[in-house]
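Here is the structure we will look at, set down as structure tokens.
Starting from 1, each residue takes its place in the sequence as its number.
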Amino acid sequence: MVKSENEGKRLTTMNIVGILALFCCMSEFAILTPSIAAFSHHFVGTDITTIMFANSITGVVSVPVTMIVGGMLHKIGFKPAALIGILVMSLGGAFPFLMPDITDYTYVIVSRIIVGIGLGIMFPVGNATIIAFFEGEERSRLLGLGITIQFVFNLIYTTVAGYLTEIGWNYSFLAYLIGIVPFLLALVWLPEAKYVVLSKEKDAPRLTATGPKEKVPHAIWGYALFALACWTCVVTVQVVTSTILDVRGLAGPGEAALVINCCGIGTILCGLLFPKLVSLFKGRLFGVAAALTAVGIVPCLVAQSPVVYALGVFLLGFGGSAFFTAAQNATGNIAPKSRIPFVSGIMTSMMNLGPFIGPYLFAASVAAMPQMGNDAVFPVLISIALACAVIGLVHPMKALFQGEDASD
């Protein structure tokens, strides 16, 4: 039995498995990343930005859905939202497999819109459940483990999708059906966290039956935007990798998937080490993580072999995930207990918004520096990561390790 620090609730080990199963589905936005180059060959005449739009539209659709659902979890239930979201995402993502002969890319975009709706419904539940049941070092450990599992499945999704793409462009969509396995785990073992949140609402001194909701500290919005900037660097590199490797003649879809997975490996390692990173760097972790993110982008700019590029995305994954997980943990520390689902929705919206921004940042960079071609995006991303690093090193982010007294 595992005892949480909130409300003395006892969770079994299998309850923890049920919670962590949700993180298995949080990287389904990455399934198409190794297939983008193959899509551009199949859908001849479709602009590469439009091809990438199918990948990015998932993020932008999920943002308002996540914000709405995150604020309603204590009413509709954490578990129902998770289960409905996974089913919508998995089945909606898989249906283009049934249409191998289509030449209209609109069907792929519609599929990704459905994926975005499902992702938006289920995405806030994992972090919100952990924050509701756990505090302190245990919370940090489980949040880190959650993002580790997320990117273990990122690795699985992209590898399976990449090699399925070599069978046929439409086969990559079958990778969405992997989500049925975590769905079954959550169905059996996911605990319902809404009762913990409701009990906190009753205990909150500023809440009455007719009184106002507790306010969300302004710092949370700052952490959210800060996290979005760094996370955009990570997902933009992932989105453009198959195209960059294809143009440079370095790898096909299967090999591109393996290279992209090195980002996931970096994230996995970071998740395992995250509590120690917080202990070692405290509030300076933001600056250190952003600096490592910038360092990781440099090999992607200059790589003339897939190994060098893979090393870069490994460092990028480690630094970017450390940064984002730190932001999630910090906001969880300073959020009023009754607003945890809403704050979790904010942070997961930022994670989903990054994949939407990436393709347009890529297109804008190429337009601004046409002499660099597709490589133009990398100096832009390095600049963004370095700006985050300077801010993170100069200004200590006390909420990461001091809790509610640092909410200002």
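Side-chain contact check for V313 versus Q238: every heavy-atom pair is 4.5 Å or farther apart. Looking at F323 and L292, their side chains never come closer than 4.5 Å, going by heavy atoms from C-beta outward. Taking 4.5 Å as the limit, every side-chain heavy atom of L285 sits out of range of all side-chain heavy atoms of L280. Side chains of V239 and F362 form no contact here, defined as non-hydrogen atoms less than 4.5 Å apart. Between L190 and I19 the shortest side-chain heavy-atom distance falls below 4.5 Å. Proximity of T58 to I113: side-chain heavy atoms (C-beta onward) are nowhere separated by under 4.5 Å. With contacts defined as side-chain heavy-atom distances shorter than 4.5 Å, the pair L381/L361 qualifies. Side-chain contact between M89 and C25 is present, with heavy atoms from C-beta onward closer than 4.5 Å.
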**OP:** Report the C-alpha separation of V61 and I117 in whole Å, then their side-chain angles, then the decisive distance to 0.1 Å, and conclude whether the side chain to side chain contact (heavy atoms under 4.5 Å, CB included) test is met.
**Re:** CA-CA 6 Å; V61 169; I117 294 171; 3.7 Å; yes

Original post:
Between F286 and Y223, does a side chain to side chain contact (heavy atoms under 4.5 Å, CB included) hold up when you go through it step by step?
Top reply: CA-CA 10 Å; F286 287 95; Y223 280 111; 3.8 Å; yes

Original post:
After noting the C-alpha distance and the side-chain angles of M14 and V17, does the key distance pass the side chain to side chain contact (heavy atoms under 4.5 Å, CB included) rule?
Top reply: CA-CA 5 Å; M14 296 313 298; V17 170; 4.1 Å; yes

Subject >> Working for side chain to side chain contact (heavy atoms under 4.5 Å, CB included), residues Q328 and I130 >> reply: CA-CA 11 Å; Q328 286 181 313; I130 290 174; over 6 Å; no

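Separating the CG atom in L250 from the OH atom in Y309 is a distance of 9.5 Å, to the nearest 0.5 Å. To the nearest 0.5 angstrom, H41 atom NE2 is 13.0 Å from T46 atom OG1. Rounding to the nearest 0.5 angstrom, the gap separating the CD1 atom in I114 from the OH atom in Y176 is 10.5 Å. The distance from atom SG of C270 to atom CZ of F314, rounded to the nearest 0.5 Å, is 9.5 Å. Note that CG of L315 and CD1 of I297 are 10.5 Å apart. Values are rounded to the nearest 0.5 Å. How far CG of N170 is from CD1 of I102: 8.5 Å, rounded to the nearest 0.5 Å.
Checked by atom type, the side-chain pair Y105/T50 shows no donor-acceptor distance below 3.5 Å. Side-chain atoms of T12 and N15 form a donor-acceptor pair, as typed in the model, at a separation below 3.5 Å.
Among all heavy-atom pairs drawn from V65 and G120, the shortest one is CG1-C, 3.6 Å. Heavy-atom minimum distance, L393 versus V288: CD2-N, 4.0 Å. Annotation for K194 and G77: closest pair CD-CA, 3.8 Å, computed over non-hydrogen atoms. Among all heavy-atom pairs drawn from L245 and A256, the shortest one is CD1-CA, 3.9 Å. In terms of heavy-atom proximity, R248 sits nearest to F378 at NH2-CE1, 3.8 Å. Across all their heavy atoms, A385 and A290 have their closest contact at O-CB, 3.6 Å.
A donor-acceptor pair under 3.5 Å is formed between the side chain of E192 and the backbone N or O of K79. Between the side chain of T325 and the backbone N or O of S321 there is at least one donor-acceptor pair closer than 3.5 Å. Between the side chain of W169 and the main chain of P100, a donor-acceptor pair closer than 3.5 Å is present. At distances below 3.5 Å, not a single donor-acceptor pair connects side-chain atoms of T158 with backbone N or O atoms of N261. Proximity of a side-chain donor or acceptor of R139 to a complementary backbone N or O of F134 within less than 3.5 Å is detected. Of the possible polar contacts, none joining the S242 side chain to the S35 backbone as a donor-acceptor pair under 3.5 Å is found. In terms of modelled atom types and a separation under 3.5 Å, the side chain of T331 and the main chain of I220 share no donor-acceptor contact.
A distance of 6.0 Å or more separates the ring centres of F95 and Y107. Note: Y171 and F97 meet the aromatic proximity criterion, with ring centroids under 6.0 Å apart. The six-membered or imidazole ring of F318 lies away from that of F324, with a centre-to-centre distance of 6.0 Å or more.
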